Every structure is written in structure tokens, then in C-alpha cells.
There are 2 protein chains.
Amino acid sequence: MAEGGGAAAPGGESLLFLTDEQLRKGIEAMYFAYRGFTADPDRILDDLEYGRAHHRAIHFINRAPGTTVNNLLHILGVTKQSLNRVLRTLIEDGLVESRIGARDKRERHLYLTEKGEALEAELSTAQRARMRDAFRHAGPEAVAGFRTVLEAMMDPDMRRHFNRLKDSGA
Amino acid sequence: MAEGGGAAAPGGESLLFLTDEQLRKGIEAMYFAYRGFTADPDRILDDLEYGRAHHRAIHFINRAPGTTVNNLLHILGVTKQSLNRVLRTLIEDGLVESRIGARDKRERHLYLTEKGEALEAELSTAQRARMRDAFRHAGPEAVAGFRTVLEAMMDPDMRRHFNRLKDSGA
DNA sequence: CATTTTATGTCAGCCTTGTTGACATTCCAA
DNA sequence: TTGGAATGTCAACAAGGCTGACATAAAATG
């Protein structure tokens, strides 16, 4: 609609695939793929008494051990009350340890316990298995494109967080 | 962990990018990108009294006008009670019309009204704008890879629905 | 024709996970 | 010492999932 139907505009390799129809398919692909993306961990979490919110907390604590509550708040984009409810149960159940900051004693630094790491590994293994199959199926070039498009789709703040995690990990 | 660290195994172009670290980055990319993906429609929906569930219903009714409740149920993967709550408000508000089936009078066929189409267009325009920017930024080859990986990530049932919509649209 | 199955709607109640608002505590910093 | 930042907690609420039970109409099947 906004683009018109034009394709072979001179000098524009970039117009060919941007019809509304192509974009709609991209939108639907995101929707259906995300469902698959979360399906395996969700099944595991259902058996325990945890939800997706617990998974997210566990994931990012594992990726950035010692992160503060405030930092996690920004990464997850939820309210402290919402996160606190999740963290409380994880701490009570002995999956997460909350250590008072050494320099700034107001801060709480979060770590996974062995039990927490065990659950993280279980969830992560399931989710990585699907990602690995998809990556294998699609091939290296497709994977590079996948990553490029996803990164371009993020809000700038989230891209910042994403790249921080990227650097620390590699 | 499951893969080992090996890279240049002979004959395997497919092992190079499948380290756990690469897979974790793929997982995080999906998470952060999906947040961006839903952010713009969510902002619009907040102002009205609708949520993401309404958006999904509107989207797929628009894509497959005349679809039955049952079909929508399968596509969205929710219970009829959950969908019904959403559909009821959309029908009451005059965004969706429910017509009794001609051949099978038990079925309800769903259509967007003009008002419904207007909201669909507003939501879709916002979401497509982000998708378009991301696609432009990434380039055609990246977009192809994006689509390939996402399709490989879907559950088979969802891939079926995805491809049906694809065919009918093109 | 009688019965069963299917498609849909609806009521009630529960859970997770998000929200806002209010308030307490701790402690760094000016 | 006072202000503000980081954190925690209580309460109330809403969206949107879920299950179970039940009603109705119509199709399908015996």
C-alpha cells in the first residue's frame, strides 16, 4: 500500500521484496516461529510450578552472573514488583542466590545455585536443540541473515543489552 | 556442551556456527526482536481497551476472511473460551461480524467490518513499518535467511497454517 | 427417526504475569 | 543531616491464558 507495487526501480535492489504481502508474511513468520521457540521450555516449566517469567530470569542471571536486580529489570522490561514476585519464589526454592553488594550494599547481586544451573541447563538444552535443528536445516548463510534481521528489528535499548551480552559471552 | 567445540570437521560446513554460544545468541536475538516486533501495535492497543489477543484475532480474520471460529482456534492455539471472550468484545464493538454458515449452520464465519479493517490497517501499518525498516537495513539475502530459519523453527502444525496463509495470499 | 457427534457459546473459577500506588528500609552522596 | 537511589513488600487490579460443566443447534450416522 505505502510502497506501491513497483519492483524493478533502477538502482533499487531493495524494493523488490518489500510488498505489503511480503511484510505480512514476515510478521506471520515471527508469530508462528516464536510459538515454536517457546514451546519446549514451556512444556518443561509446566511440570514444575514455574512460568515463562521464571525462565527469562534464570536465563539472564545465568548469562550475566552477579547482575543486579535493577539491571535485570531493564533487560526484562517489567516492573520491579513483577520481577520481585518471580525472584522471591526462585530464591525460596533455592534456585537463585541474592547477595548484598560489597561496594553498594543496597544492590542485590543475583547468582544461580547448583539447582538453578541444573534447571537452566535443562531449559536451555531443549531450546538450543530446536534452534540447532533450525540452524542446521537453514544453513550458515540463512543464519547470518536471520541474526541480521532480528537485530535490526530490536528497539535500540534492547539492541544495546543484546550486544552487551554478546560481548561478555564471546 | 552437547556439540563439543569442534569447528572445521571435514565435509561439514554446518558445524561452524552451532556452538552453544552461537545458539544462545540466537535465542536472545529472538527474545529481544520479538519485543520490538510487538511494541508498536501494543502501544496503539493500549490506548483502546484491547490487548495482543485482539490483535491476533483481527490479523488472522483479515488474512482469511470468512474463517470459522474453529479454524481460528487452531491457528491461534488457544481455548474456545479464551478466543470467545476476545471475539465477543470485538463483535460487540462492531469490529467483527459473525455470519452463520450457509452450508453448515453451526459454523460462524468471521469478517472484519469497515471499522475492524480500519483498526487492522492501523496496527498492520505500524508493524509493517518496523518490519520494512528491518528488511531494508538487512537486505534481501538476509531477509531470505530470516524467513528460512523462522520457518524451520515452527512446529509442523504451525508451519502448515503458515504455508496455507502464504498460498492464499500470493 | 433416534442418537451421537460437532461447532459454538457461556458461566464460573483459577493461575500467571503484567500493572499502579503506597510505604518502609537501607545507605550512598551532597 | 538530609535527599535521593535501590530495593523490598503489601494491596488491589486487569489481561488473557486455563479447566470443567452445561446448553443449543445442526449435521451425521445408526
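Numbered from 1 within each chain, the chains take letters A, B, ... in sequence-line order. Just so we're clear, the structure is a prediction, and the values are computed from it rather than from any experiment.
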Query raised in the report: Can you check whether B:Leu95's main-chain N or O pairs, donor with acceptor, with B:Asp93's side chain at less than 3.5 Å?
Result: no

Requested in this report: With sequence neighbours excluded, tell me which residues meet side-chain hydrogen bond (donor to acceptor under 3.5 Å, both in side chains) with B:Glu117.
Outcome: none

Query raised in the report: Can you check salt bridge (charged side-chain N to carboxylate O under 4.0 Å, His left out) on A:Asp20 and B:Arg128, steps first, answer last?
Result: CA-CA 7 Å; A:Asp20 278 13; B:Arg128 273 182 285 122; 2.7 Å; yes

Query raised in the report: Pairs in or reaching into residues 69-80 of chain A: which pass side chain to side chain donor-acceptor pair (under 3.5 Å), with residues at least two apart or in two chains?
Result: A:Thr67-A:Asn71

With sequence neighbours left out, what residues match [X] under ring pair (Phe, Tyr, Trp, His ring centres under 6.0 Å)?
X        : answer
A:Tyr31  : B:Phe60
A:Tyr34  : A:Phe37, B:Tyr34
B:His109 : none
A:Tyr50  : A:His54

Requested in this report: Determine, for A:Arg108 against A:Glu97, whether the closest basic-nitrogen to carboxylate-oxygen distance falls under 4.0 angstrom.
Outcome: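 Judged by the 4.0 Å cut-off on N to carboxylate O distance, A:Arg108 and A:Glu97 do not form a salt bridge.
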
Requested in this report: State whether A:Arg164 and B:Glu28 are salt-bridged, where the test is any N-O pair (Lys NZ or Arg NE/NH1/NH2 against Asp/Glu carboxylate O) under 4.0 Å.
Outcome: no

Query raised in the report: Which residues satisfy the side-chain contact (heavy atoms from CB on, under 4.5 Å) test with A:Ala144, sequence neighbours excluded?
Result: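 For A:Ala144, no residue satisfies side-chain contact (heavy atoms from CB on, under 4.5 Å) once neighbours in sequence are set aside.
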
Report task. For the helix from C:dC1-D:dG30 to C:dA30-D:dT1, figure out the bend between the end axes, five pairs an end, and round to 10 degrees. Result ->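 One end's axis against the other's: 20°.
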
Report summary line: In the 5' to 3' direction, the nucleotides of DNA chain C bounding the stretch that comes under 4.0 Å of a heavy atom in chain B are C:dT6 to C:dC11

Query raised in the report: Residues from residues 70-98 of chain B sitting under 4.0 Å of DNA chain C, heavy atoms only?
Result: B:Asn70, B:Lys80, B:Gln81, B:Asn84, B:Arg88

Query raised in the report: Just wondering, more than 12 heavy atoms not from B:Glu141 lying within 6.0 Å of its CD?
Result: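 Check fails, neighbour count at 12 or below.
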
Query raised in the report: Reckon B:His109 touches a base, only the sugar-phosphate, or nothing at all at heavy-atom distances under 4.0 Å?
Result: nothing

Query - Where chain B begins and ends its contact with DNA chain D, read 5' to 3' at 4.0 Å from heavy atoms - result: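 Answer, 5' to 3': D:dG16 to D:dA27.
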
Query raised in the report: If each of A:Ala53 and B:Val69 is mapped to the nucleotide of DNA chain C with the nearest heavy atom, which maps nearer the 5' terminus, i.e. the 5' end?
Result: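 Whichever sits nearer the 5' end wins; that is B:Val69.
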
Considering only distance and modelled atom types, tabulate donor-acceptor pairs under 3.5 Å from the side chains of residues 41-48 of chain B, sequence neighbours left out.
| from | atom 1 | to | atom 2 | distance (Å) |
| --- | --- | --- | --- | --- |
| B:Asp42 | OD1 | B:Arg52 | NE | 3.4 |
| B:Asp42 | OD2 | B:Arg52 | NE | 3.3 |
| B:Asp42 | OD2 | B:Arg52 | NH2 | 2.6 |
| B:Arg43 | NH2 | B:Asp40 | OD1 | 2.6 |

